[in-house]
**Student:** 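Take this structure, written in structure tokens, and hold onto it; I'll ask about it next.
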Protein chains: 2
Amino acid sequence: MAGRITAVSIVDAIAADLRARIFSGDLGSGHTLTETDVASTYEVARPTAKASIEKLVAEGLLDRGTHKTARVVELGPDSVRDIYLARAYLESEVLRRLARTKDVPEGAVQANRDIAALQTGAPLDVIEPDMRFHTSLIDAVGNERISRMYRSLVGEVKLCMVRIQSLHLLDTALIQAEHQRILELIEAGQGDAAAELLDEHLGRARERLVSAMGGTAGPEADLPSDLLPE
Amino acid sequence: MAGRITAVSIVDAIAADLRARIFSGDLGSGHTLTETDVASTYEVARPTAKASIEKLVAEGLLDRGTHKTARVVELGPDSVRDIYLARAYLESEVLRRLARTKDVPEGAVQANRDIAALQTGAPLDVIEPDMRFHTSLIDAVGNERISRMYRSLVGEVKLCMVRIQSLHLLDTALIQAEHQRILELIEAGQGDAAAELLDEHLGRARERLVSAMGGTAGPEADLPSDLLPE
DNA sequence: CGCCCTTCGATTGTCTAACAAGTACACATG
DNA sequence: CATGTGTACTTGTTAGACAATCGAAGGGCG
């Protein structure tokens with residue numbers, strides 16, 4: 001018997017499936033989810049569907065007011081800035097602390113190798129190893145709550161990504177090179193420099209994401225002068 | 001009739017009341033909360049009580065496994081270290097960023113004035129302005145998600161505090177002096193120094209809290225040599 | 001006499017059915 | 001055209017019920 005993976009709770013299973021469908025883009029931003037709708041598609045009672053929805057609301061993936069239908073959250077440019085700034089706050093401090101002990105997480109190294117190995121032109125293939133690079137750094141400090149917080153942010157980032165999907169915002173080679181440089185700075189114990197580079201790294205991604213969503217990009221979207229082609 | 005507290009949702013109201021009772025120490029660590037129990041005390045149906053409990057579980061104030069009764073979380077020494085380290089991660093980076101713009105939040109200044117004005121010997125009176133000092137710093141960066149994360153940590157800190165209540169772990173004057181120094185360092189644009197002092201400040205509180213809970217305190221519990229009396 | 005197994009009570013997970021209350025949108029009216 | 005009304009849809013909450021599971025108490029066996 002290898003098939004017993006039933007997550008012991010129906011509402012957890014439904015919540016997990018809904019989450020997957022949201023991240024896959026099956027349920028796009030603004031998509032409405034009525035309780036009866038969820039109940040009928042999964043063939044469960046309405047209270048069960050309700051509980052699943054409320055779970056995702058608590059996670060920040062769904063939005064809902066009293067007596068109003070739940071909808072997949074719509075993240076605007078200001079939300080993207082909020083999310084990416086929060087990422088920068090958590091991650092830059094993590095880099096400083098890792099640099100103190102010159103601790104280069106193996107998972108991050110491997111994730112960046114995977115990015116380098118990518119030859120496919122599919123732009124969303126870089127998302128997974130990219131996220132893995134960053135979460136590996138976060139997890140390396142071994143703090144349960146920090147990891148949980150960051151994971152919540154990653155969920156929202158993925159939510160942004162599915163909206164953009166088609167166009168690739170950044171050059172894979174540049175991402176990989178900057179990651180590599182960050183790891184080197186950690187190994188050299190230069191936390192401040194690593195944090196500064198990360199700020200640039202995330203700031204550029206952030207502003208390009210913002211402009212791709214229709215907002216007006218800030219100056220961070222541009223490459224630094226010493227990296228401009230030609 | 002002034003007692004109708006029905007905010008908008010019964011489950012929110014019950015959750016809020018349970019939260020208050022937990023923070024007041026009325027429901028101590030390890031206290032069990034059965035669904036029928038909550039349902040009968042608030043005179044609501046069991047599903048409503050269940051929803052309230054699950055809300056607090058999502059907040060991290062209650063703990064429960066499948067088919068097991070919910071209990072108020074019991075935070076051990078390792079959890080305290082995890083929480084305070086997470087605080088330090090968030091807050092030290094915030095100090096660095098505030099120092100860049102030399103932005104000294106008025107709320108933090110006021111909170112520290114309130115600490116200085118305390119003449120009462122009641123040890124738990126310092127908790128409120130102390131927390132307000134720290135949350136003012138966090139809120140000053142204007143990031144919704146960072147503020148939310150920190151508030152979640154504050155909830156857990158308060159949970160620790162109610163367990164210790166009686167004995168005062170630190171001198172009020174020392175707390176106030178260190179807060180003052182942190183603000184001065186922000187104003188001087190010395191983010192690194194501010195972050196370093198904060199690490200000491202939180203580290204000392206953390207290790208004293210740990211030892212008060214029966215764990216073995218680390219070296220951070222001691223005062224730095226230049227502040228030792230005599 | 002102590003240990004393992006069974007049984008039983010308590011508790012939670014889930015369902016069905018139903019009513020109340022609120023929202024949103026179409027429709028009729030001025 | 002603006003406004004009020006009403007109706008359908010959706011959610012909030014309740015009641016009662018049954019199955020599954022967990023924890024502890026009690027009995028059988030070595």
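The structure displayed is predicted, hence computed values, not measured ones. Residue numbers start from 1 in every chain, and the chains themselves are labelled A, B, ... in the order their sequence lines are given, proteins ahead of strands.
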**Student:** Between the side chains of Asp82(B) and Arg145(A), is the shortest nitrogen-to-carboxylate-oxygen separation below 4.0 Å, so that they form an ion pair?
**Tutor:**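 Yes.
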**Student:** For dG23(D), take OP1 and OP2 only and decide whether either is under 4.0 Å from a side-chain N or O of Thr69(B).
**Tutor:** no
**Student:** Using atom CD of Glu43(A) as one end and atom C1' of dT16(C) as the other, report the distance to the nearest whole Å.
**Tutor:** 16 Å
**Student:** Grab the NE2-P distance between His67(B) and dT12(C) for me, whole Å please.
**Tutor:** 11 Å
**Student:** Salt bridge between Arg46(B) and Asp37(B), side-chain N to carboxylate O under 4.0 Å?
**Tutor:**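 No, this pair does not count.
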**Student:** For Arg46(B), which contact category applies under a 4.0 Å heavy-atom criterion: base, sugar-phosphate, or nothing?
**Tutor:** base
**Student:** Atom CD of Glu54(A) to atom P of dT14(C): distance rounded to whole Å?
**Tutor:** 14 Å
**Student:** Could you tell me whether Arg132(B) and Asp114(B) have a side-chain N and a carboxylate O separated by less than 4.0 Å?
**Tutor:**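 Yes, Arg132(B) and Asp114(B) are salt-bridged.
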**Student:** Could you state the atom-to-atom distance from CG of Asp12(B) to P of dT13(D) in whole Å?
**Tutor:**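 Answer to the nearest Å: 8 Å.
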**Student:** Taking only the side-chain nitrogens and oxygens of Lys68(A), find out if one of them lies under 4.0 Å from OP1 or OP2 of dT11(D).
**Tutor:**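 Looking at the OP1 and OP2 atoms of dT11(D), neither is under 4.0 Å from any side-chain N or O of Lys68(A).
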**Student:** Is it true that the NZ or CZ of Arg87(B) lies under 6.0 Å from the centre of Tyr150(B)'s six-membered ring and within 45 degrees of the ring axis?
**Tutor:**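 Because its charged atom misses either the 6.0 Å distance or the 45° angle limit, Arg87(B) does not stack over Tyr150(B).
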**Student:** Arg64(A) side chain: which of dT16(C), dT12(C), dG12(D) is closest?
**Tutor:** dG12(D)
**Student:** Nearest heavy atom decides the nucleotide; on that basis, is Thr36(B) or Ala49(A) closer to the 5' end of DNA chain C?
**Tutor:**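 Counting from the 5' end, the first nearest nucleotide belongs to Thr36(B).
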**Student:** Could you tell me the separation between the CD atom of Glu35(B) and the C1' atom of dC22(D), rounded to a whole number of Å?
**Tutor:** 14 Å
**Student:** Starting from the 5' end of DNA chain C, give me the residue, Thr66(A) or Val11(A), whose nearest nucleotide shows up first.
**Tutor:** Val11(A)
**Student:** For the backbone of Val73(A) and the side chain of Ser29(A), can you confirm whether one donor and one acceptor N or O come within less than 3.5 Å of each other?
**Tutor:** yes
**Student:** Closest approach to the side chain of Pro47(B), judged atom by atom: which nucleotide of dT14(D), dT11(D), dA20(D) is it?
**Tutor:** dT14(D)
**Student:** Any idea how His179(B) and His201(B) line up, ring-wise: parallel (<30°), tilted (30 to 60°), or perpendicular (>60°)?
**Tutor:**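 Answer is perpendicular, since the angle exceeds 60°.
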**Student:** Whole angstroms only, please: what is the CD1-P distance between Ile10(A) and dA19(D)?
**Tutor:** 15 Å
**Student:** Fill in the dot-bracket string of DNA chain C, one character per base: . for unpaired, | for a pair to another strand, ( ) or [ ] for pairs within the strand, taking Watson-Crick or G-U pairs under 3.5 Å.
**Tutor:** ||||||||||||||||||||||||||||||
**Student:** Picking from dT10(D), dT13(D), dG13(C), which would you name as closest to the side chain of Lys50(B)?
**Tutor:** dG13(C)
**Student:** Between Arg71(A) and dT10(D), is there a side-chain N or O to OP1/OP2 distance below 4.0 Å?
**Tutor:** no
**Student:** Is a salt bridge present between Arg96(B) and Glu93(A), judged by a nitrogen-to-oxygen distance below 4.0 Å?
**Tutor:** yes
